[in-house]
Amino acid sequence: MISSFVLFSAVEALSLERLYGMFSFGVSAVAVLAGLIVAHELGHFLAARLVKIRVEKFSVGFGPKIASVKRGDTEYMLSWVPLGGYVKLYGDDPEAGINDSDSFFGQPVWKRLMVVAAGPVFNVILAILIVTMAAMVGLPESSMKIGEIQPDSPALTAGFKPGDTIEAINGTPAKSWRELVETIQKSPGVSMSVTITRETGEKLDIPVTPRSREAQTLEGKKVTVGQIGVTPQQIITRYSPPMAFVKGLEWTWNITAMTVWSISKLITRDIPADQIAGPIGIMKMAGDVAETGFVSLLMFIALISVNLGILNLLPIPVLDGGHILFFSIEAAFGKPVKLRHQEIAQQIGIFLLLSLMALAFYNDIMRLVAG
């Protein structure tokens with residue numbers, strides 16, 4: 001009786017601890033996502049102020065306001081629903097017919113385009129700043145030194161040892177671990193000579209034949225790649241502020257290009273739709289990344305910021321990209337798109353977004369069910 005009670009209490013305590021941990025992380029994840037959305041809205045706010053458009057409200061959160069303060073023409077609000085924020089511009093309703101000099105629709109089309117595009121651009125800028133900060137703290141990077149060797153692997157059979165530094169493959173210097181992996185993956189079953197330097201300083205040429213392994217590309221295609229079974233030692237590299245900023249630019253550019261590529265492959269269905277993740281999946285990934293360290297979490301936040309910016313640029317009505325499309329048509333033809341046509345397009349856009357959200361939630365739930 002006593003032992004059963006103790007066991008029940010332990011299980012109950014563990015469950016409560018796990019529930020508390022999940023709740024705590026869920027709150028943190030929502031706060032991060034809300035912060036990114038607020039940063040997005042801050043871009044619209046700053047651009048509007050720059051071109052002299054009156055900003056009536058800037059709210060952190062949605063719904064009923066908790067507190068507010070008015071400075072000039074703008075009411076700054078803190079609202080109850082902490083899922084982002086919004087900016088209310090004076091005269092931003094085309095049906096109202098407000099064309100004052102400080103109203104949104106009273107501005108030339110290029111200024112309206114600037115204000116709408118500022119949100120996604122600000123998300124990208126934020127990613128650059130986050131990665132810059134992470135690079136100054138220290139980024140984990142792969143060295144050319146072997147960290148671990150898999151059991152029963154070609155590398156173990158050939159005589160590689162942890163601590164060996166890989167210098168070259170077939171006489172060609174190995175400049176990075178990524179380049180090394182790419183070379184090995186392209187050579188399944190092909191014998192190669194790997195030049196290594198032992199920790200003792202001894203230099204050796206070791207013959208090894210990568211074994212064939214089946215892998216899957218991002219498009220879901222099965223391919224055969226080579227593998228010798230080694231992983232690199234991780235080193236922490238800290239960058240000076242100027243070099244950290246360059247690192248931030250490079251990383252954000254690469255992630256932006258990859259995001260655009262991924263979206264195009266999803267549209268052409270080269271990447272399966274079941275790869276789309278929703279809020280639950282993102283929170284799960286964020287939790288996994290957070291366990292690896294603060295810097296990794298910063299990089300993940302920067303990744304989400306870039307994705308948020310790029311997704312908002314899609315030419316779907318109700319998103320920033322949809323407004324950019326309408327204003328671009330207005331700039332090209334000298335007159336705005338008819339309101340009726342805009343309303344129909346927005347209804348289609350809402351349907352597409354709701355369908356995408358439903359698919360993302362379905363994928364998240366199926367992943368949870370499948371473990």
Side-chain angles (χ1 to χ4, degrees), residues 130-218 222-240 243-244 246-248 250-252 254-255 258 284-303 371:
I130 290 173
V131 177
T132 299
M133 182 173 66
M136 289 190 290
V137 173
L139 294 177
E141 297 180 347
S142 298
S143 69
M144 295 306 296
K145 186 173 287 189
I146 296 174
E148 295 181 3
I149 300 177
Q150 296 176 3
D152 301 322
S153 64
L156 186 64
T157 303
F160 288 88
K161 296 180 180 180
D164 289 348
T165 300
I166 298 177
E167 306 287 355
I169 297 182
N170 293 331
T172 303
K175 297 178 182 178
S176 68
W177 191 269
R178 177 180 292 181
E179 185 179 292
L180 170 72
V181 170
E182 289 175 352
T183 301
I184 293 173
Q185 286 183 339
K186 293 176 182 177
S187 308
V190 179
S191 180
M192 57 179 56
S193 177
V194 180
T195 304
I196 60 100
T197 301
R198 289 263 148 91
E199 291 182 308
T200 59
E202 182 183 9
K203 200 166 188 175
L204 298 172
D205 289 322
I206 301 179
V208 63
T209 300
R211 65 186 173 194
S212 298
R213 182 179 68 87
E214 191 176 79
Q216 196 171 22
T217 66
L218 288 174
K222 292 183 178 179
V223 294
T224 300
V225 299
Q227 185 186 62
I228 64 172
V230 295
T231 57
Q233 282 189 13
Q234 295 292 313
I235 57 175
I236 300 298
T237 306
R238 293 178 177 84
Y239 293 87
S240 65
M243 290 306 300
V246 171
K247 197 74 176 178
E250 291 177 350
W251 185 92
T252 305
N254 291 333
I255 292 299
M258 183 179 293
K284 173 66 169 62
M285 286 186 281
D288 294 340
V289 171
E291 291 180 357
T292 66
F294 176 68
V295 170
S296 297
L297 181 59
L298 282 179
M299 302 296 282
F300 185 77
I301 293 171
L303 172 68

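In what follows, every heavy atom counts, from backbone to side chain, and hydrogens, waters and symmetry copies are set aside.
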Test side chain to side chain donor-acceptor pair (under 3.5 Å) applied to S193 - qualifying residues, sequence neighbours left out
none
So, for P188 and S212, which heavy atoms are closest and what is the spacing to 0.1 Å?
CB-OG, 3.5 Å
Pairs involving residues 168-183, ordered by first then second residue, that meet salt bridge (charged side-chain N to carboxylate O under 4.0 Å, His left out) (sequence neighbours left out):
none
Identify the heavy atoms of M192 and S187 that sit nearest to each other, and give their distance.
CE-CB, 3.5 Å
Between G147 and Q233 the two heavy atoms that sit nearest each other are CA-CG, 3.4 Å
Mind checking what makes side chain to side chain donor-acceptor pair (under 3.5 Å) contact with D205, not counting sequence neighbours?
T195
Looking at every heavy atom in both I235 and S143, which two are closest together, and how far apart are they?
CG2-CB, 4.0 Å
Roughly how far, to the nearest 0.5 Å, is CD1 of I206 from OG1 of T157?
12.0 Å
With V181 via side chain to side chain contact (heavy atoms under 4.5 Å, CB included) - residues at least two apart
W177, Q185
Just verifying a value: how many Å separate S153 OG and Q227 CD, rounded to the nearest 0.5 Å?
8.5 Å
All side chain to side chain contact (heavy atoms under 4.5 Å, CB included) counterparts of P173, not counting sequence neighbours
none
Check: I184 and I169 side chains under 4.5 Å, non-hydrogen atoms
yes
Across all chains, not counting sequence neighbours, the side chain to side chain contact (heavy atoms under 4.5 Å, CB included) partners of K186 are none
Going from OG1 on T132 to NZ on K247, what distance comes out if it is rounded to the nearest 0.5 angstrom?
11.5 Å
For T237, check side chain to side chain donor-acceptor pair (under 3.5 Å) against everything at least two apart and list the hits.
E141
Set of residues satisfying side chain to side chain donor-acceptor pair (under 3.5 Å) with respect to S142, sequence neighbours excluded
Q234
If we only count heavy atoms from C-beta on, is the M299 to V131 side-chain gap below 4.5 Å?
yes
In this structure, OG1 of T183 is separated from CG of N170 (nearest 0.5 Å) by 9.0 Å
Closest non-hydrogen atom pair between S176 and M144, with its separation:
C-SD, 3.4 Å
Pairs touching residues 142-171 that satisfy salt bridge (charged side-chain N to carboxylate O under 4.0 Å, His left out), sequence neighbours left out:
D164-R198
Testing I228, V230, T231 for side chain to side chain contact (heavy atoms under 4.5 Å, CB included) with I149, which one passes?
V230
Are the side chain of R213 and the backbone of G226 linked by a donor-acceptor contact shorter than 3.5 Å?
no
Sequence neighbours excluded, which residues qualify as side chain to side chain contact (heavy atoms under 4.5 Å, CB included) partners of T172?
none
So, do L303 and W251 sit near enough that their side-chain heavy atoms are less than 4.5 Å apart?
yes
Which atom names give the shortest non-hydrogen contact between V295 and P140, and what distance separates them?
CG1-CD, 4.0 Å
